[in-house]
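A short write-up of the structure that comes next.
Because only heavy atoms are used, hydrogens play no part in the values below, and waters and symmetry mates are left out as well, while side chains stay in. Per chain, numbering begins at 1; letters A, B, ... match sequence-line order.
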Amino acid sequence: MMLPSEKHLKGSLHFVPRTLPSTPSRGRAAEQTCLALLQACTSLRHLLQTTALLLKYGLQSNPLVLTKFAAASSALDALEVATSLLFSPHASTHLYDCFLFNTVIRSHAQSDRLGDRRLAISYFSAMLRCRLLPNKFTFPFLLKACASLPEPTGVGAQVHGCVVKYGYSSDPYVQNTLIHMYSGAPSGLDFARELFDRMPKTSPVTWSVMIGGYVRSGFSNKAVGLFREMQGRGIQADEITVILVLSACADLGALELVRWLGSYVERENIPKALPLCNALLDALAKCGDVDGAVALFEQMHAKSIVSWTSVIDGLALHGRGKEAVRVFEMMKGAGVVPDGVAFISVLTACCHSGMVDEGRRYFHSMTSDFGIEPQIEHYGCMVDLFSRVGMIERALEFVKTMPIEPSPVIWRMLIGACRVHGRLELGERIAKNLLDEDPTHDSTYVGLSNLYALRRQWEKKWETRRAMSERGIRKVPGCSLVELNGEIYEFVAGDESQLQYRGVYEMLEEIGRKIKLTGYLPTKTEVLLDIDEEDKEDALH
DNA sequence: GTAGGGTTAG
């Protein structure tokens, strides 16, 4: 959607007032005409023409017209047009009402542009400056805008203060959006839980908001725990709760629970709409039941690009690159136009199966055939593609010539590749550069110290570890999750607090022995390097 | 005119 140029806009605003009659017609006929025109606006041009007309009739201060106007411009994704009229020098702010501001705040809160969402909060301030009282609809809109900011709890807490001040803290809609807003930031999660626990009356929405907060913050295990509590209290989950828990399962690899949720949906007659099927499909695929996912995909009567992408991604993730590429081609054959996410999946497939040429072809096709501008994720896939097969120079060259700033993730991928393919000096150089720019990320230190370990430069290795701890940075320990009889167990590396840890490690060693007996050979590059036995064992585990 | 939702490089 083309946005109107400033010039165009100012033109329409400044031209019309000069032609206004000395006593502007405020008749009902003009008002009705403009309302009808605004209702029917389908293009930006149309909207600008209507703008000119309503200015001509002096309706720029008519609250009814303005509200409709705000709604029409937000439907056309032209928020600038709305606000330049509402807050133009010709506007008579004393005629504004709460409804008008709610419309403007809502349309800005729903925008996918960050700047617009920030503006929603400014309009709330403007509303208070106009001495207007917010009503019960104002806060859910406003909190939604706060929730989608990068740091929601800062300004969100101020809005919370207003919620209390204006007496809406016991409105269930407001309470649910408050929990949603706080749970959007890791630092606000505990407070969100406090609010949740204090809710006198909960609905499936309340539970979904809290479960969704855990999922978004990466605490999928807690999300599942809360869902169990919900079940225990006999609260009926709805479609959205199930979707959220499924995405937690996809994260945890909890296949048994995914299947249980599938039968729960059947048993409770929860409508199997497309988003639910997609969530189930994705969870099955991510948890390793790719064939189950494909079977579900085939019996789904409605499929969206998300369904296709989940299947492609599932195949790619489990090393079935050739099939993934085939499904991608089938998708195009079925007339579904791939989007940026679908290309990430097919590029992932090429990565995981070493299909360098195919990957390059798809990367090229993305822009030349579909006009999709590659994002950092796509460049990341290409770097990974070259890195994995040992084309380190090509990967580096690619990073140096790509038109957007390489992210730390990309540099860390290269460091990993340097380690695997024995390019230790290069890896060291990249790691040091990266540490100069961002000394706070644990895995960069770990990557560098691993490079030194492989080169048997113990002194430098310890130096790196020391630098890390001096800056107060600690390695986040790795962990695995095992699902057994519907229960999810979490194992954290090096954690000896667990009651049965001795047994766990003994079992690990036994598994290691058995794997070797069946003919497992460790990766050659790791073994060819001159490292000591203990590190070798560590690396292999 | 109000709240929660699906696929995204390692």
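- By the ring pair (Phe, Tyr, Trp, His ring centres under 6.0 Å) test, Y362(A) pairs with F328(A), sequence neighbours left out.
- Sorted by first then second residue, the ring pair (Phe, Tyr, Trp, His ring centres under 6.0 Å) pairs that include residues 283-324 of chain A, not counting sequence neighbours, are F297(A)-W308(A).
- Within 4.0 Å (heavy atoms only), K303(A) reaches no atom of the nucleic acid at all.
- In this view, F124(A) and F139(A) satisfy the ring pair (Phe, Tyr, Trp, His ring centres under 6.0 Å) rule, not counting sequence neighbours.
- Not counting sequence neighbours, the partners of S304(A) by the side-chain contact (heavy atoms from CB on, under 4.5 Å) test are L274(A), N278(A), V306(A), S307(A).
- Residues forming a side-chain contact (heavy atoms from CB on, under 4.5 Å) with Q158(A) (at least two apart in sequence, or on another chain): none.
- As judged by a 4.0 angstrom heavy-atom cut-off over every strand, V209(A) is placed among residues touching the sugar-phosphate backbone only.
- Residues passing the side-chain contact (heavy atoms from CB on, under 4.5 Å) test with L435(A) are T444(A), Y445(A), L448(A), sequence neighbours excluded.
- L281(A) comes within 4.0 angstrom of no nucleic acid atom, judged by non-hydrogen atoms across all strands.
- Residue contacts shown for F99(A) include a base, since a base heavy atom lies under 4.0 Å away.
- Protein chain A contacts DNA chain B from dG1(B) to dG10(B), reading 5' to 3' and using non-hydrogen atoms of the protein with a distance under 4.0 Å.
- A search for ring pair (Phe, Tyr, Trp, His ring centres under 6.0 Å) contacts involving Y173(A) returns nothing, not counting sequence neighbours.
- Residue T103(A) is out of contact with every strand shown, counting any heavy-atom pair closer than 4.0 Å.
- D339(A) comes within 4.0 angstrom of nothing in the nucleic acid, heavy atoms only.
- Heavy atoms of D313(A) sit under 4.0 angstrom from primed sugar atoms or phosphate atoms, though from no base atom.
- Within 4.0 Å (heavy atoms only), E239(A) reaches at least one base atom of the nucleic acid.
- Atom NZ of K272(A) has 12 or fewer neighbouring heavy atoms from other residues, nucleotides or ligands inside a 6.0 Å radius.
- Using a 4.0 Å heavy-atom criterion, one finds that R388(A) contacts the sugar-phosphate atoms exclusively.
- Contacts of residues 395-413 of chain A with DNA chain B (heavy atom under 4.0 Å): S407(A), V409(A), I410(A), M413(A).
- Among the atoms of the strands shown, base atoms are found under 4.0 Å from some heavy atom of T241(A).
- Ring-plane geometry between H160(A) and F191(A) is classed as tilted, the angle between the planes lying from 30 to 60 degrees on a 0 to 90 degree scale.
- Residues from residues 242-254 of chain A placing a heavy atom under 4.0 Å of any atom in DNA chain B, listed by number, are I243(A), L244(A).
- Each of L317(A) and T309(A) lies near DNA chain B, and the nucleotide nearest T309(A) is the one positioned closer to the 5' end.
- Partners of F99(A) under the ring pair (Phe, Tyr, Trp, His ring centres under 6.0 Å) rule, at least two apart in sequence or in another chain, do not exist in this structure.
- Evaluation of the side-chain contact (heavy atoms from CB on, under 4.5 Å) rule for L64(A) yields E31(A), L35(A), N62(A) as partners, not counting sequence neighbours.
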